[in-house]
Amino acid sequence: MASGFAREALLNECEPLSTPRADRAVLGGASSARRSLAVAALVLVALLLPLLHSFDKPAKAMDEGSLLVYPELILKGNLPYRDFETFYGPTNIYVLSGVYAVFGPSILAERATGLAYRLLILAAVFCIARRWGPTLAAGATLMAGAVLLNLGVVAYAWMGGITCVLWSIFIVSKTDSRVRCFFGGMLAATALLFRPDLGPAVIFGTLPLFLRMNRSAKLRYLSGMCIGLLPLGLLTVAAGPQQVLDNLLLFPVFYGNGGRHLPLAPGSVLGLFGVHLIACGVNIFSGATALRRQPQGVDGRLLLGAALFAVALTHQAVQRLDGMHVCFAAFASLAILPISLFVLLSKTSFLSLRKKPVIAVAAAAGFVAALAPALPVYVCGQVIAALNPNAPPPCMLEQNGRRIPLATVLLVRTTGALLDRIDGMAAPGARLFVGPADLRRTNYNDTFLYHMLPQFRPATYFLEMNPGSANRSNSRLASDIRTADWLILNRVYDNWNEPNSSSRNGSDEPNVVVRAEFTVCGEFGDYLLFRRKSPRG
């Protein structure tokens, strides 16, 4: 017993308390680095197959449609906030515009960008977790990847911002490097340009490491942030300060009146949200424990920073408690959970050093399977579907050399007939408006149709419909519709009922304009095609 205690004390003296000594003893030196690289490659390849399967999933009519339309408008000289509404930061659509400039606007290019975001997130998780050994790094990455499978490969701005925050945290973990601190600050600023609401995640995720930096490194980090935010300043000057303020803060936060909020509801989503909250608590306790053991070390600060980062993402789940938004936050807390459990197990003497990392990963996976069983079932289903050679092909709509997957064959047929009709009747350069049939309730619309009809010009500032903004009493929506030559309105959104303020009717003036100045010239399923009664003045 005494000899065992001496061995433990010797190991503690030679290595940080949070380091998995069994892993290091087996791998050792340069061989450890090579094997870590091999483990990372295997994990990413294992996750890549089901992620590639997501390329065939149906497109989200407005959410993904805006990612197809906005970057192309930028290539045509438009500016976000000035020429079209968007409640997100500018970086994502400018990244996509660069991709489209090289490869052409397409859903394939957009989703390839989304796949790159996810692979970079998983690589960052692996690099952060590698400090605790390759076994835990692999477990953390697989946990994160399992949750991210729920999000497909759409190039959401949130995913781009998370990519930047995670790499920023990893880079500044070497707190004595002024160069790394500078670029870490630039990445943190870039994250805010993807999604300004990632501010709490940037602050709390970096804070434990920032406090360890010397004065020079802190100044470098803050300088990097200031330089990284300069593009937003330039865009604000070009688009107009009031427009930027309206889009990024006032309408989504204050004037929207919770139009997109979803309350807490029982079911699998609630289970996953509960798992996220419990994991956050365990992670913070573990990070604080590791920091107390090594007040001057990096490992404890990095773990605590990662734990606070995951907590700071919770607002994204709370503001809309559906599967997608809960996964936006839960992937981070569940990725850290195996490391936290290992740190808590590291001082126990009844388990061998080799077994502790494996037990920590297994315990984290078992915890999720017990409290949120729908998640592992879904992941297994995605893997099986990706391996199925006889899987049915996606329902693909093709028009004007552009392709987009839709939910059903019937929807492809009716939408294709609609596009054929307007293609045959309207002259190139005509102004087109796409929206819901009842314009008093602007909950959603088919933004992707602008992408499928690139020969027409959008007739409105509101290329996506947001309640509390497009249908507010002093909105420019009605006057925008007056400038249109053609309207495509969808009746399927008229019965949109969510337990929030989006169910309230807004101004009826846009409907009055439609009735007075346009006439129906075709019905295609739920779609109505309108043309102007008389030429625009």
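In this structure, the side chains of L489 and F518 stay at 4.5 Å or more apart for every pair of heavy atoms. Using a 4.5 Å heavy-atom threshold, the side chains of L463 and L73 count as touching. Proximity of V154 to E110: side-chain heavy atoms (C-beta onward) are separated by under 4.5 Å at one or more points.
Remark: of the listed residues T442, N443, T447, T447 is the sole one forming a side-chain hydrogen bond (donor to acceptor under 3.5 Å, both in side chains) with N445.
Ion pairing between a basic and an acidic side chain is recognised when a charged N comes within 4.0 Å of a carboxylate O; K533 and E517 show no such pairing. Of the charged side-chain nitrogens involved, none lies within less than 4.0 Å of a carboxylate oxygen, so that E85 and R472 do not count as a salt-bridged pair.
In this structure, F194 CZ and I93 CD1 are separated by 11.0 Å, a value rounded to the nearest 0.5 Å. Going from atom CD1 of I404 over to atom NZ of K60 covers 12.0 Å, rounded to the nearest 0.5 Å. The CG atom of N92 lies 11.0 Å from the CE atom of M159; values are rounded to the nearest 0.5 Å. The line from CG of D56 to CE of M396 is 6.0 Å long, rounded to the nearest 0.5 Å. Rounding to the nearest 0.5 Å places CD of Q382 at 5.5 Å from NE2 of H53. Here CG of L193 is found 10.0 Å from CE of M186. Values are rounded to the nearest 0.5 Å.
In terms of heavy-atom proximity, Y100 sits nearest to E72 at CD1-N, 4.3 Å.
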* **Derivation and outcome, ring pair (Phe, Tyr, Trp, His ring centres under 6.0 Å), residues F328 and H325** => CA-CA 5 Å; F328 275 153; H325 289 80; 5.6 Å; yes
